[in-house]
Amino acid sequence: MFHFLEKRIAEAFAARIQALYGVNGALQGPVQTEQPKQASFGEIALPAAFQLARQLKKAPKAIAAELSNAVGTIEGVAGIEIAGNGYMNVRLDRGYYGYALLSEREAPGTRAEAEKVIIEHTNINPNKAAHIGHLRNAILGDTFVRMLRAIGRNVEVQNYIDNTGVQVADVVVAFEHLEQKSPAEVRALIQTTRFDYLCWDLYARMSNYYQDHPEALEWRKATLHAIEAGEGATAELAHLVSDAIVRTHLATMYRLNIEYDVLPRESEILHLQFWARAFELLKERKAIYFETEGKNKGCWVMPASAFREGSEDEDDSKVIVRSNGTVTYVGKDIAYQLWKFGLLGKDFYYRQWHTYPDKHEVWASTSDPQTGSPPFGRAARVYNVIDSRQSYLQDVVVAGLRALDYTAQADASVHFSYEMVALSPRTCVEMGIELSDEDKKRPYVEVSGRKGLGVKADDLIDKLIEKALEEVTSRHPDDPEDQRRRVATQIAVGALRYFMLKYTRNSVIAFDFAEALSFTGETGVYVQYAAIRARKILEKLKERGETLPDFRAELTRESMARQLADERLWQAVLMASKADAAIEQAVTSGEPAHVARYAFQLAQTFSTFYQDFPVVTETNPEKKTFLLWMTDYFRAQLEHTLGVLGIDVPEYM
RNA sequence: GCGCCCGUAGCUCAGCUGGAUAGAGCGACUGGCUUCGAACCAGUAGGCCGGGGGUUCGAGUCCCUCCGGGCGCGCCA
């Protein structure tokens, strides 16, 4: 609603500016609107007079006066005031606004656009358990998906599986050479053990082994070769390991309400010759060339000038095909990116991989011809959720598209980057990780999968659930265990998702157990609590034998105006009505943290309202009906916003 | 050496395309549960927005420069 009025006002002023000062007036595009610094100034501020002042060589204040007089009446606006030296502050008609909210349609943005947006996230190497860094990726990606869907976009969620890379190979090497396991024995381990945890340790052991026995790297080489060829016991083992680990990753993410649509796998990119096709295209369009001298002699390279401004140095060129004829990771990624836009002229086959309890299906790529799968790929826009350390490689991928003259697709390729999750020194100590004196002085310490240092995702979730369970049990000692555990799980997930979302993307998170486990202050738990308190009021009403009024029948524009004359109530309603505006703006800025912030502010506003206005005991009938409407409205907005954040509202807390 | 990111209250962080008196949470200190549950609310203290130049009506925000910290820059992924 707020968003809608804001647009209407901006348009009215834009039209007036054109009429008064001509089409070539100072302002191009929409007229800017802002939030006044002080609530007492009104609801919407327009700084347009400042921008016009320079070009018209006139005092801002005079322009503002002229404009606000000329603009006439705008539906829903009560008045315009000139403030400071040229601000135009708009006051909304409170009765109009409140009454409009009452009849507002649910979810106006459910139009499914034909244009598809692909979001690729998670992308964990399928060779060991997920850790907290992966959680940031998946939660950020999933929340962005929810934000886009909330404003009506058609989104496809991809989770790329690198099942043929070095990391998987190393675990396979460990099983074959260190553990002497046959595929059948590994199969048994998958059934009977916490397999992702087992591999976590095994991978760390293997990395150590390479350090002490460099000759063992020959094993890796042979294993990679066998995996790529796709035949024999080694290849079977690799598939066994990676498929089993992918299942554990999907299970971990499902605990956090994260689901996927399709799992494109590297093995199919190889077997279906995606790269061969991309290679032809790149050669044809001269995007890469064969180097005949220097350090990259014998390789196909992309010149540095393609992805790095001003760099002509051939030493900075990026190798795409090695001198032994094999393709690098970036090369495969270019092929994959082309496929996402439907530019490769090839497609995967798909098989059903898993069905979630809500009946949603995940499909995985396969090289065996299949029919009956939904269509995947062919997007108009692609977001790759990948941490900022890989920005160089992402630049090369986009440069590849550009060099092929796919300019529009290059522009529609977004590296949705974020900074890493490190560990606070205090948390390292708690976990028994030894720190050098140098590390102790740092604000954070980087985790290392190779060394097996890091916090496993499931361990963190378990820890959060146990802590939440203690809290729930202390409040509801007599409730059945499964019920308390269900509630505790929802609280834990809310806390974790909010924790990962409250930081903006380019801030490094120094993970600290004490902070992540906090259930007070700016947390997901606080927001959940507010939603529950709103529900409680409505439940209390029923307990008293009263029913929820028909608000649209009982509340009029006049009664809205009377009630909203109270500044505290007006500000609260205003805040609650800005959910869609907040989500829209967060999509534009690509910052899920903005939605999290808004959710917290909304909850804060409601908590204050809760404290100040007893609802069910209100004696004035009109006021009581109004307060009940407000409560119900806040409940809906809190639930809606939490839904976008992927956070459930527990039945109680 | 080159590129990207960060530096705002004791700590952890917001601050949307430049806009009015720079905001939260935690921690500290005061108060508030016989009331729709206090996982809460009200209040106090705490800031040369890393330093210095510049751009303009106006800079935490843009430009330059210096200082401090992080991450990239492989025929690894």
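The sequence lines fix the lettering, A, B, ..., with proteins before strands; numbering per chain opens at 1.
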Could you tell me whether [X] contacts a base, only the sugar-phosphate backbone, or nothing, with contacts defined as non-hydrogen atoms closer than 4.0 Å?
| X | value |
| --- | --- |
| A:A45 | base |
| A:R533 | sugar-phosphate |
| A:H415 | nothing |
| A:V472 | base |

Acceptor/donor pairs from residues 614-621 of chain A side chains to any protein atom, 3.5 angstrom cut, sequence neighbours excluded:
from	atom 1	to	atom 2	distance (Å)
A:E618	OE2	A:N620	N	3.1
A:N620	OD1	A:E622	N	2.9
A:N620	OD1	A:K623	N	3.1

Any idea which of [options] is nearest the [X] side chain?
| X | options | value |
| --- | --- | --- |
| A:T608 | B:A42, B:G25, B:A39 | B:A42 |
| A:T520 | B:A39, B:C57, B:U21 | B:A39 |
| A:N89 | B:C71, B:A20, B:A38 | B:A20 |
| A:Q604 | B:G25, B:G37, B:A20 | B:G25 |
| A:F600 | B:C71, B:A24, B:G37 | B:A24 |

* To do: Go through the side-chain N and O atoms of A:Y210 and A:D170 and say whether any donor and acceptor fall under 3.5 Å apart.
  =>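 A:D170 and A:Y210 do have a side-chain donor-acceptor pair below 3.5 Å.
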Those residues that, when tested against [X], pass ring pair (Phe, Tyr, Trp, His ring centres under 6.0 Å) (two or more places apart):
| X | value |
| --- | --- |
| A:F519 | none |
| A:F613 | A:F609 |
| A:H225 | none |
| A:F416 | A:F144 |

* Base versus backbone protein contacts along nucleotides 11-18 of chain B [heavy-atom cut-off under 4.0 Å; B, S, -] -> -SSSSB--
Watson-Crick or G-U wobble partner for [N], using a 3.5 Å limit on both distances?
| N | answer |
| --- | --- |
| B:A42 | B:U30 |
| B:A24 | B:U12 |
| B:C71 | B:G3 |

* Asked: Would you call A:K332-A:E266 a salt bridge at under 4.0 Å N-O?
  -> yes
Review item, nucleotides 30-32 of chain B N/O atoms under 3.5 Å of protein N/O:
none

Inter-nucleotide [atom1] distance ([N], [M]), Å rounded:
| N | M | atom1 | value |
| --- | --- | --- | --- |
| B:U17 | B:A42 | C1' | 37 Å |
| B:C71 | B:C16 | P | 27 Å |
| B:C49 | B:U8 | C1' | 4 Å |
| B:G27 | B:A9 | C1' | 12 Å |
| B:C64 | B:C76 | C1' | 38 Å |
| B:U65 | B:G3 | P | 10 Å |

* Please report the closest heavy-atom contact between A:A468 and A:I491, naming both atoms and the distance. => CB-CG2, 4.0 Å
Check nucleotides 75-77 of chain B against the protein and report each pair of N or O atoms closer than 3.5 Å, with its distance, or say if there are none.
from	atom 1	to	atom 2	distance (Å)
B:C75	O3'	A:R322	NE	3.0
B:C75	O2	A:S323	N	3.2
B:C75	O2	A:S323	OG	3.1
B:C75	N3	A:S323	OG	2.8
B:C75	N4	A:K295	O	3.2
B:C75	N4	A:K297	O	3.2
B:C76	OP2	A:R322	NE	2.3
B:C76	OP2	A:R322	NH2	3.3
B:C76	O3'	A:R322	NH2	3.4
B:A77	OP1	A:R322	NH2	2.4
B:A77	OP2	A:R322	NH2	3.3
B:A77	OP2	A:Y329	N	3.3
B:A77	O3'	A:D162	OD2	2.6
B:A77	O2'	A:D162	OD2	3.1

So, using side chain to side chain donor-acceptor pair (under 3.5 Å) as the criterion, who are the partners of [X] when residues are at least two apart?
| X | result |
| --- | --- |
| A:T473 | A:R484 |
| A:E539 | none |
| A:D387 | A:R389 |
| A:N137 | A:Y418 |

* Asked: Can you check B:C33 for me, syn or anti if syn means within 90° of 0?
  -> syn
* To do: Check the pair A:T122, A:N159 against side chain to side chain donor-acceptor pair (under 3.5 Å), reporting the backbone distance first and the verdict last.
  => CA-CA 6 Å; A:T122 306; A:N159 176 5; 4.6 Å; no
